[in-house]
Every structure is written in C-alpha cells, then in structure tokens.
Amino acid sequence: MNSIHSGAPSDPCPHFIFNKADDIIAPHLQTVINSSFSSATFPECWKHAEVNALLKKPTADPSDLKNFRPISLLPFPAKVIEKTVNKQLTTFLEDNNLLDPSQTGFRTNHSTETALISVTADIRTLMNNGEKVALILLDLSAAFDTVCHRTLITRLRSTWIQGQALDWIASFLSNHSQRVYLPPFRSEPTEIICGVPQGSSLSPTLFNVYMSPLTNIVRKHDIIITSYADDTQLILSLTKDPASAKTNLQEGMKDVADWMRLSRLKLNSEKTEVLILGNTPSAWDDSWWPTALGTAPTPTDHARNLGSYWTLFSP
C-alpha cells in the first residue's frame with residue numbers, strides 16, 4: 001500500500017492513514033480483497049470517481065472547458081485491489097506472449113523511447129535500401145473513454161481469461177460513476193457506460209488487450225505498425241512496388257477504419273498526419289488515401305510523435 005500515494009477526497013479514511021497504519025489495516029483490507037476475488041465482484045462503493053478539472057496552462061482561458069485537464073481520483077482501497085489484479089493480469093499476458101511486441105505502451109521494459117527507436121529503425125532500414133517511406137500517424141478521438149465493455153470482455157475471453165477472473169473484470173467495468181469538481185462547485189454523479197476507468201492502474205492493460213487485434217489487420221496489408229497505447233504509427237514503402245503499395249494502403253486503411261468503427265473507436269482522419277521520408281521520388285498524392293475516410297491528409301514536413309519532434313531527414 002505504501003507505493004500508492006493518493007486517493008479520492010471523498011474517502012472516509014484518507015490514504016495517509018492507510019499508509020501509516022498499514023500493519024493494522026492491511027490484514028482487514030486483504031480479507032475484503034480476497035472476498036472480492038472469491039465472489040468475482042468489485043465492491044460498488046469503490047466505483048465512484050472524483051474528477052478534478054485543472055487548467056492545462058495557468059494563462060489558459062477558464063471559460064473554455066477545452067482548456068481543462070480531467071484528473072480522476074479513485075478511492076484508495078480500489079487502487080490497491082486494481083494494482084494487485086493488474087500485476088497478475090500483466091504477468092499472465094506477458095508469460096503467454098498474448099500482447100504483440102509492437103504494442104509498447106504500459107509494459108515492463110517498454111516506453112515511448114522504445115517505440116520511437118523501433119519506428120526509426122524500420123524507417124532507416126527502408127531508406128537505406130533507397131526506398132521512399134510514408135510515416136502515417138493515426139489520431140484516435142478519446143480512445144480510452146469509448147471502449148465498449150462487451151467487446152473488451154470478448155477479447156479478454158479470446159486470451160484465455162475465463163471463469164471468475166473474467167467475471168471479476170466484468171464487475172469492475174460495470175456501474176461506474178463520476179462527478180466533476182471545479183471549485184467551488186461539484187456536479188451530480190454521472191454513470192459511465194463505456195470506456196475504461198481513468199486513473200486506474202488496470203485500465204491501460206485492459207486497453208492494450210482491446211487494441212491487440214489491430215496489429216494483424218495492418219500487417220496483412222504489408223504495413224509496419226508500432227503502437228504506444230492509442231498512438232499508432234504506420235510505415236509503408238512507396239517506391240519498391242508503388243502499385244501494390246497504393247492498394248495496400250487503401251485496403252489497409254479501409255480495414256483499419258472498419259475495425260475502429262466496430263470497436264466503437266473513432267479514427268480522426270482530419271488529425272491524422274503523414275510524413276514522406278527519403279530522397280527517392282514517389283507517386284504519393286491524394287488518390288492514395290481511401291475516399292471513404294474523407295479528405296486525404298496533406299503530407300507535412302514536421303509532426304509531433306510521442307512527445308518528440310519529427311522533421312524530414314535523409315539517411
């Protein structure tokens with residue numbers, strides 16, 4: 001418990017009391033947690049979140065709600081049990097190789113740095129072979145908040161998670177609520193009917209499972225993929241076989257969009273960015289982009305990717 005340093009303001013027992021009296025409280029909390037597991041039920045009283053609305057920048061206009069960043073605060077005991085479950089679930093997924101290596105988000109020995117190294121290495125390999133490369137940075141709108149619970153349970157079941165473990169996760173996802181605190185006001189509680197709970201250590205792992213089918217959809221079109229949570233980077237050679245590359249991109253992006261729609265995720269074509277890298281001329285133009293996805297993104301000479309600044313370069 002000492003590794004958890006915060007809880008919700010509404011906690012009847014503040015988190016620092018848990019930490020200072022853990023030798024007394026821990027055995028009782030362990031009994032509650034074990035009861036939760038044996039009954040495959042996540043306690044209802046731990047499903048309410050307090051959302052603090054914080055300005056992204058001190059100089060931002062507080063009258064514009066887009067300038068606020070939501071910080072979700074969960075009950076302290078809930079964070080303890082979620083961390084316990086996440087550790088067990090992560091171990092199971094990793095030991096059985098159930099997460100694709102291209103998904104680098106929220107995994108041990110993975111980070112934005114490993115994702116960027118992987119993308120750079122793939123691009124350099126193609127460019128060193130004299131190929132022109134398209135780097136496509138997909139943009140998803142509020143991906144964590146739109147996860148379909150029923151679909152997530154189905155994908156968990158496909159990873160051999162069954163029985164009480166699956167029932168517990170289904171209970172964990174259901175009947176959550178939250179209210180927003182913007183001093184001095186608090187909103188009325190609102191039920192959350194989709195998405196994975198913000199602020200939970202378990203949510204990123206569940207999201208990785210939710211996104212896992214995407215890699216195979218992309219690869220069958222000979223497109224290289226690297227992901228960090230919902231940040232997805234696609235790499236496509238434009239010059240080795242231009243006709244096939246164009247077909248692969250069009251069919252691949254259509255399949256991606258169809259999968260996103262079925263998964264209740266929204267692919268934002270208007271914010272998707274494309275960088276064309278390399279010295280070899282390519283035939284890229286708007287006709288490469290599937291018309292079903294709307295206006296084709298105009299290739300740019302710079303973009304932000306996983307916190308880094310990308311610009312055109314040569315090998």
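Positions are given from 1 along the sequence.
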Would V85 and F37 count as a side-chain contact (heavy atoms from CB on, under 4.5 Å) here? Give the steps. CA-CA 9 Å; V85 172; F37 291 155; 3.4 Å; yes
Residues V218, T232; criterion side-chain contact (heavy atoms from CB on, under 4.5 Å); working and verdict: CA-CA 11 Å; V218 170; T232 302; 6.0 Å; no
Tell me, with the steps shown, if L54 and F68 meet side-chain contact (heavy atoms from CB on, under 4.5 Å). CA-CA 5 Å; L54 303 180; F68 285 90; 5.7 Å; no
Dump the intermediate steps for side-chain contact (heavy atoms from CB on, under 4.5 Å) on R179 and E50, then the final yes or no. CA-CA 5 Å; R179 63 179 179 180; E50 296 275 341; 2.7 Å; yes
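Listed by first and then second residue, the ring-ring contact (aromatic ring centres under 6.0 Å, His included) pairs that reach into residues 99-143 are F106-Y228, sequence neighbours excluded. Legend: ring-ring contact (aromatic ring centres under 6.0 Å, His included) pairs involving residues 187-216, not counting sequence neighbours, sorted by first then second residue: F144-F207. For residues 81-101, the set of pairs meeting the ring-ring contact (aromatic ring centres under 6.0 Å, His included) definition, not counting sequence neighbours, is empty.
Within the 4.5 Å cutoff, the side chain of S118 has heavy atoms near those of the D122 side chain. Under the 4.5 Å side-chain criterion, counting only non-hydrogen atoms from C-beta, P70 is not in contact with V180. Residues E94 and T108 fail the side-chain proximity criterion, which asks for heavy atoms closer than 4.5 Å. With contacts defined as side-chain heavy-atom distances shorter than 4.5 Å, the pair R107/N208 qualifies. Contact of the E82 side chain with the N86 side chain is not registered, since no non-hydrogen atoms from C-beta on lie closer than 4.5 Å. Between L152 and V196 there is a side-chain heavy-atom pair separated by less than 4.5 Å.
Around NZ of K56, the count of heavy atoms belonging to other residues, nucleotides or ligands within 6.0 Å exceeds 12. Around atom NZ of K240, no more than 12 heavy atoms belonging to other residues, nucleotides or ligands sit under 6.0 Å away. The neighbour count for R264 CZ, taken as heavy atoms of other residues, nucleotides or ligands under 6.0 Å away, does not exceed 12.
Under the rule for a side chain to side chain contact (heavy atoms under 4.5 Å, CB included), the partners of T272 that lie at least two apart in sequence or sit in another chain are I136, L138, D139, L267, W289. Residues passing the ring pair (Phe, Tyr, Trp, His ring centres under 6.0 Å) test with W288, sequence neighbours excluded: W284. Applying the ring pair (Phe, Tyr, Trp, His ring centres under 6.0 Å) rule to Y309 yields the partners H302; only residues at least two apart in sequence or on another chain are considered. By the salt bridge (charged side-chain N to carboxylate O under 4.0 Å, His left out) test, D258 is found to be paired with K254, R261, residues two or more places apart in sequence or in another chain being considered. Partners of K271 under the salt bridge (charged side-chain N to carboxylate O under 4.0 Å, His left out) rule, at least two apart in sequence or in another chain, do not exist in this structure. For S174, the side-chain hydrogen bond (donor to acceptor under 3.5 Å, both in side chains) partners are K47, not counting sequence neighbours. The salt bridge (charged side-chain N to carboxylate O under 4.0 Å, His left out) check on E113 picks up nothing, with sequence neighbours excluded. Judged as a salt bridge (charged side-chain N to carboxylate O under 4.0 Å, His left out), and not counting sequence neighbours, E251 has no contacts. For P213, the side chain to side chain contact (heavy atoms under 4.5 Å, CB included) partners at least two apart in sequence or on another chain are R155, W259.
Between the S36 side chain and the V32 main chain, no donor and acceptor come within less than 3.5 Å of each other. N67 contributes a side-chain N or O that, together with a main-chain N or O of D61, makes up a donor-acceptor pair within less than 3.5 Å. A donor-acceptor pair is defined here as one N or O able to donate and one able to accept, closer than 3.5 Å; no such pair exists between the side chain of T90 and the backbone of K87. A donor-acceptor distance shorter than 3.5 angstrom exists from the side chain of T104 to the backbone of S227, with no hydrogens or angles considered.
Between atom CG of residue L277 and atom CZ of residue R124 there is a gap of 9.5 Å, rounded to the nearest 0.5 Å. Between the CD1 atom in I123 and the CG atom in L135 there is a gap of 4.5 Å [rounded to 0.5 Å]. With values rounded to the nearest 0.5 angstrom, I169 atom CD1 is found 12.0 Å from H149 atom NE2. Here the straight-line distance linking atom OG1 of T300 with atom CH2 of W310 works out to 13.5 Å at 0.5 Å rounding. Here the CG atom belonging to D230 is positioned 6.0 Å from the CG atom belonging to L140, to the nearest 0.5 angstrom. The distance from the OG atom of S212 to the CG atom of L99 is 7.0 Å, given to the nearest 0.5 Å.
Looking at every heavy atom in both residues, P75 comes nearest to H48 through CD-O, 3.3 Å. Nearest heavy atom pair, residue D145 against residue C194, reads O-SG, 3.3 Å. When all heavy atoms are compared, the tightest approach of S35 to S39 is O-OG, 2.8 Å. Scanning both residues, Q198 and L74, for their nearest heavy atoms gives O-CD1, 3.9 Å. Nearest heavy-atom pair across S287 and K246 is OG-NZ, 2.9 Å. The two residues A40 and S171 make their nearest non-hydrogen contact at O-CB, 3.8 Å.
L262 and L206 are members of different hydrophobic clusters when ILVMFWY side chains are connected at heavy-atom separations under 4.5 Å. Hydrophobic clustering (ILVMFWY, side-chain heavy atoms < 4.5 Å, transitive): L182 and I71 are in distinct clusters. Put simply, L214 and M253 are part of the same group of oily side chains (I, L, V, M, F, W, Y) that touch within less than 4.5 Å, one to the next. Grouping the Ile, Leu, Val, Met, Phe, Trp and Tyr side chains by contacts below 4.5 angstrom, directly or via other members, places L156 with V147. Under the 4.5 Å side-chain heavy-atom criterion for grouping Ile, Leu, Val, Met, Phe, Trp and Tyr, L126 is connected to L275 within one hydrophobic cluster.
Ring geometry for F172 against W168 counts as parallel: the plane angle stays under 30°, on a 0 to 90° scale with 60° as the upper cut.
Using a 4.0 Å cut-off between charged side-chain N and carboxylate O, R304 and E273 make no salt bridge.
Of the listed residues (M127, E131, K132), just one forms a side chain to side chain contact (heavy atoms under 4.5 Å, CB included) with S237, and that residue is E131.
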